[in-house]
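A short worksheet on the structure shown next.
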Amino acid sequence: MVVCKFGGSSVADAGQIRKVKSILESDERRSVVVVSAPGKRNKEDDKITDLLYRYNDMVRSGQSCRPVFNVIAKRFSEIAHALGVEEKELAEKLDDIRYQIDAGRGADYTASRGEYLSAYIISMFLGWEFIDAADVIVINSDSTVNDETYARLSKRLESGKRYVIPGFYGVSEQGVVKTFTRGGSDITGAIVARALSAELYENWTDVSGVAAADPRIVEDAASVPELSYDEVRELSDVGASVFHEEAIAPIYHLGIPINIRNTNRPEDAGTMIVPQAKRGGLAGISVKGGLSRLSLRRLMLFKRSGMRHALLTMLHIFGIRPCYSLFGIDSIVWYFDSRMASESVCHSMCERLKGEFALDEISVDSGYAVMGIVGSRDSIAKGCMDAVAALSREGIDVVSVNLGSSEISALIGIHEKDAKAALKAAYASLFD
Ligand code: ASP
């Protein structure tokens with residue numbers, strides 16, 4: 001059997017949901033479907049999940065927020081009406097949800113209601129059974145999936161039946177509604193695929209597969225027919241957004257293939273994500289911005305056992321968890337997400353580290369980005385060198401190069417202001 005997950009744009013309105021129905025009906029192996037909350041219908045539109053978070057913030061700060069809830073309720077009522085789904089029960093559900101949010105059930109409960117209502121309406125429309133994710137998915141405090149989930153799912157799902165399950169949430173070990181991080185319906189789809197040992201996990205979105213570079217920047221970027229699990233994780237880590245990086249984990253050891261497909265162009269084959277890709281050469285490039293760079297120096301730094309560990313512990317105390325590292329004999333560079341610490345926090349941290357570890361130099365600067373080049377082992381070194389050459393031809397400053405820590409990716413540090421130009425130049429040199 002095949003587990004399908006449909007993202008926000010695929011369930012944004014009644015017209016999109018009709019496409020979902022015809023996709024499901026065109027292959028009877030497609031018997032379990034996971035859905036997101038309605039996404040944007042056009043560029044100016046709001047995602048239901050964003051509206052729900054906004055509503056919850058307003059409730060918390062005591063602002064008048066009824067109009068925001070009315071927008072959410074209207075959107076669901078319109079979808080139900082257009083699909084001929086009975087509206088009385090939906091209206092009761094909406095009333096209860098508003099009551100619960102106003103009573104302070106919190107951000108996770110509030111955000112989860114987008115997926116809950118979406119799955120409820122779609123199950124009524126398809127005539128398939130609805131399963132509340134809160135009854136079957138248990139999420140640990142570190143956001144990993146609790147093994148109890150698989151026992152619950154196998155008990156609940158009977159073969160030969162058809163089900164709709166909301167994505168994005170489950171419950172904590174204490175039974176309180178808890179969400180994954182944004183885009184987490186991909187993870188729910190993977191969990192269900194694993195529980196059922198599915199032959200295939202289809203992930204339906206609004207693009208025909210994973211592009212070799214962000215098509216909003218490189219307009220003609222080609223979609224890649226095949227990627228390995230590890231390549232997808234590396235690409236998501238440097239900002240590619242088609243598939244949630246944590247969604248590989250539930251199916252990693254089972255080797256279930258994932259097919260990224262386009263709801264608006266079901267005839268396209270999309271991208272297959274498999275344990276080991278047969279394709280050679282480079283897979284794609286991506287850029288992640290919004291980074292700060294901490295660099296520090298001390299003579300004989302690496303002779304001092306335990307110092308690197310102690311420095312990292314101190315960074316954690318200041319709320320900083322580095323995402324990329326570079327080490328020299330007397331120096332360390334750590335990149336981290338700039339949102340983790342304000343300028344004043346960075347200033348106090350530098351003062352403290354300098355004094356406590358007798359550093360010769362320490363500084364934190366913001367405005368950096370990292371470009372990741374991902375592909376097969378034998379293509380990475382040449383790809384990295386070609387990309388660096390392309391950037392220098394364009395006069396783009398290369399701040400760091402990290403080649404070899406992962407055998408299937410190279411990371412090039414650049415200034416964030418150059419991110420778009422760098423991606424275009426590297427794409428032209430590596431893929432055109
Ligand atoms: N609706 C949630 C979000 O917007 C989860 C998802 O779509 O996967 O992040």
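For ligands, and for the atoms within them, numbers begin at 1 and follow the listed sequence.
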Test of proximity, Gly183 against ligand 1: N or O pairs below 3.5 Å: yes
Would Tyr169 and Asp132 count as having a side-chain donor-acceptor pair, cut-off 3.5 Å? yes
Residue-ligand contact Glu115/ligand 1, heavy atom below 4.0 Å: yes
Partner of Ser406 under side chain to side chain donor-acceptor pair (under 3.5 Å), chosen from Arg377, Glu234, Arg233: Glu234
Glu92 CD: over 12 foreign heavy atoms closer than 6.0 Å: yes
Tell me, which protein residue and heavy-atom name are nearest atom 7 (O) of ligand 1, and how many Å apart are they? Ser36 OG, 3.1 Å
Does the plane of the ring in Phe130 sit parallel, tilted or perpendicular to the ring in Tyr116? Use 30° and 60° as the thresholds. perpendicular
Ranked by distance from atom 6 (C) of ligand 1, the top protein heavy atom is Ser185 OG, 3.3 Å
Please confirm whether Gly184 comes under 4.0 Å of ligand 1, counting heavy atoms of the residue only. yes
Would Lys47 count as being in polar contact with ligand 1, using the rule that some N or O on each side must be under 3.5 angstrom apart? no
Between Ser400 and Tyr368, do the side chains contain a donor N or O and an acceptor N or O under 3.5 Å apart? no
Supply the atom-to-atom distance Arg261 CZ to Phe6 CZ, rounded to the nearest 0.5 angstrom. 9.5 Å
Residue, atom name and distance, where the atom is the protein heavy atom closest to atom 3 (C) of ligand 1: Arg182 NE, 3.3 Å
Polar atom proximity, Asp186 to ligand 1 (N or O, under 3.5 Å): no
